[in-house]
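Counting starts at 1 for both ligands and their atoms, in listed order.
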Amino acid sequence: MSTFFENQAIGEAHSKLILVGEHAVVYGKPAIAMPFPLKAKAIVHRIDGSIMLESSVYTGPISCLPDKMKGISSCINKTLEYLNHTSDGLYIKIDSAIPLGRGLGSSAAVAIACVRALAYLYGKEFTQKELFSLVHVAETYAHGNPSGIDMAAELSENPIWFQKGQETSTLNVKDNLYIVVGDTGRAGDTRTAVENVRKNYDSDPMKIKESIIEIANIAIETKAALVRGDMYLLGSLLNRNQKELMTLGVSDEGLNKLIEASKNSGALGAKLTGGGLGGCIIALAPDLAKGRIISKELIKAGAVQSWCFSTAEGILYET
Ligand code: PMV
């Protein structure tokens, strides 16, 4: 989404949740993700001089961005090149409600918001394909070899069925899902988590291959459970997926503690979401009332933040 007024343009993007299939998706297996309503916003206007960026972690010229944010400067430069405006002075303000490094797709959302705002500033509307390829620059920097699931989910308004190199399709979900997200407060490092899975694969290929195949089967069964609206089956599939993520070596004590707390307080199933090794968990609640209880119990168990989210109504409750 973008808006434009008086030499200033605003681009927005939402975050995402991976329901099942993270990590296996890097190996070409299918995964399911959905939009999550926390948003990133980029506000751009023309200035004299060079390109300046203002954000919660850095403010200054984009030529001096810290290493961790270099993906965003490459993405901005690539977009300006594509738009034939490389020599313009710009002030870009990032205003994001998506916590960083928590598996909610903050880096892709910030990049999408910037690309949308720049396109709008120069009177252009990018196709999904153009957006995808420009944002991919930032994601490659942040993740090394991203599957592209974050971008695909954040460019969609509906849950998606994603497989690397194949057309992404929208999923028909029969019933409203109540999902509680619990934030460990620790930033995960997706690049390291993906590298760890690769190392584990190299040292025990049989075990990791089996796990990846099991995750692919879980994704297929999850798609069927969503179409049927079978919440109990969906809960057990999340639990099965978490078991495999533990085998891959991307869960940790903090995540496991939140997962157990959510199940003990009535969740039908729970797992980490995104890269892992910190970040967030998701828990499936049978209804909103239980979702509120799970949210509170997650905070008691050490989560720094928790959101109860409904696929039909957006964020309903924030703790
Ligand atoms: O950006 P994150 O932390 O949500 O992780 C993306 C999902 C992974 O499968 C771990 C990586 C990828 O590129 O698909």
Side-chain angles (χ1 to χ4, degrees), residues 13-36 38 40 68-69 71-72 75 96 98-112 132-133 135-156 159-166 168 179 181-201 208 211-216 218-219 222 238 241-242 244-252 254-255 271-282 307 309:
H14 56 70
S15 46
K16 66 95 196 27
L17 295 176
I18 298 181
L19 192 62
V20 289
E22 52 274 90
H23 287 288
V25 74
V26 174
Y27 295 80
K29 302 299 181 203
I32 297 173
M34 55 181 57
F36 188 57
L38 293 180
K68 266 197 168 291
M69 290 179 77
I72 196 69
C75 170
S96 178
I98 312 167
L100 292 171
R102 308 303 216 288
L104 302 179
S106 151
S107 60
V110 166
I112 295 171
F132 198 92
S133 84
V135 174
H136 196 262
V137 176
E139 282 299 273
T140 303
Y141 210 97
H143 289 180
N145 180 22
S147 66
I149 190 168
D150 287 15
M151 291 179 278
E154 292 177 1
L155 291 172
S156 170
I160 56 162
W161 173 260
F162 178 89
Q163 201 160 0
K164 204 172 163 178
Q166 295 192 16
T168 299
I179 294 174
V181 181
D183 180 1
T184 60
R186 287 175 295 114
D189 180 348
T190 302
R191 188 187 267 266
T192 306
V194 169
E195 279 167 11
N196 283 358
V197 175
R198 171 65 61 191
K199 278 184 204 149
N200 292 341
Y201 190 102
I208 302 301
S211 224
I212 287 171
I213 291 169
E214 169 65 353
I215 295 177
I218 290 168
T222 300
L238 297 188
N241 195 164
Q242 173 60 17
E244 299 309 325
L245 288 163
M246 287 168 84
T247 305
L248 296 184
V250 294
S251 198
D252 65 19
L255 289 162
K271 62 181 273 293
L272 68 83
T273 187
L277 299 180
C280 289
I281 68 126
I282 52 170
W307 301 268
F309 156 71

* Taking atom 3 (O) of ligand 1 as the reference point, the nearest protein heavy atom with its distance -> T190 OG1, 2.6 Å
* Any idea which part of V26 is under 4.0 Å from ligand 1, heavy-atom wise: side chain, backbone, both or neither? -> side chain
* Numbered atoms and elements of ligand 1 in range of E22, under 4.0 angstrom, heavy atoms -> 9 (O)
* Backbone or side chain, does any N or O of G275 fall under 3.5 Å from an N or O of ligand 1? -> yes
* **Atom indices of ligand 1 within 4.0 angstrom of I149 heavy atoms, with elements** => 14 (O)
* Asked: Just which atoms of ligand 1 are under 4.0 Å from any heavy atom in G103?
  -> 3 (O), 4 (O)
* Structure fact -> Here the atoms of ligand 1 under 4.0 Å from any heavy atom belonging to D150 are 1 (O), 2 (P), 4 (O), 6 (C)
* To do: Take atom NZ of K164 as the centre, draw a 6.0 Å sphere, and report whether it contains more than 12 heavy atoms from other residues, nucleotides or ligands.
  => yes
* I18, portion touching ligand 1 at heavy-atom distance under 4.0 Å -> side chain
* Measure the distances from the heavy atoms of K16 to every atom of ligand 1 and state whether one is below 4.0 angstrom. => yes
* Asked: Just which atoms of ligand 1 are under 4.0 Å from any heavy atom in V25?
  -> 9 (O), 14 (O)
* Would you mind checking which non-hydrogen protein atom is closest to atom 12 (C) of ligand 1, with the distance to 0.1 Å? => S147 OG, 3.4 Å
* Asked: Between F309 and F36, what is the ring plane arrangement, given parallel below 30°, perpendicular above 60°, and tilted in between?
  -> perpendicular
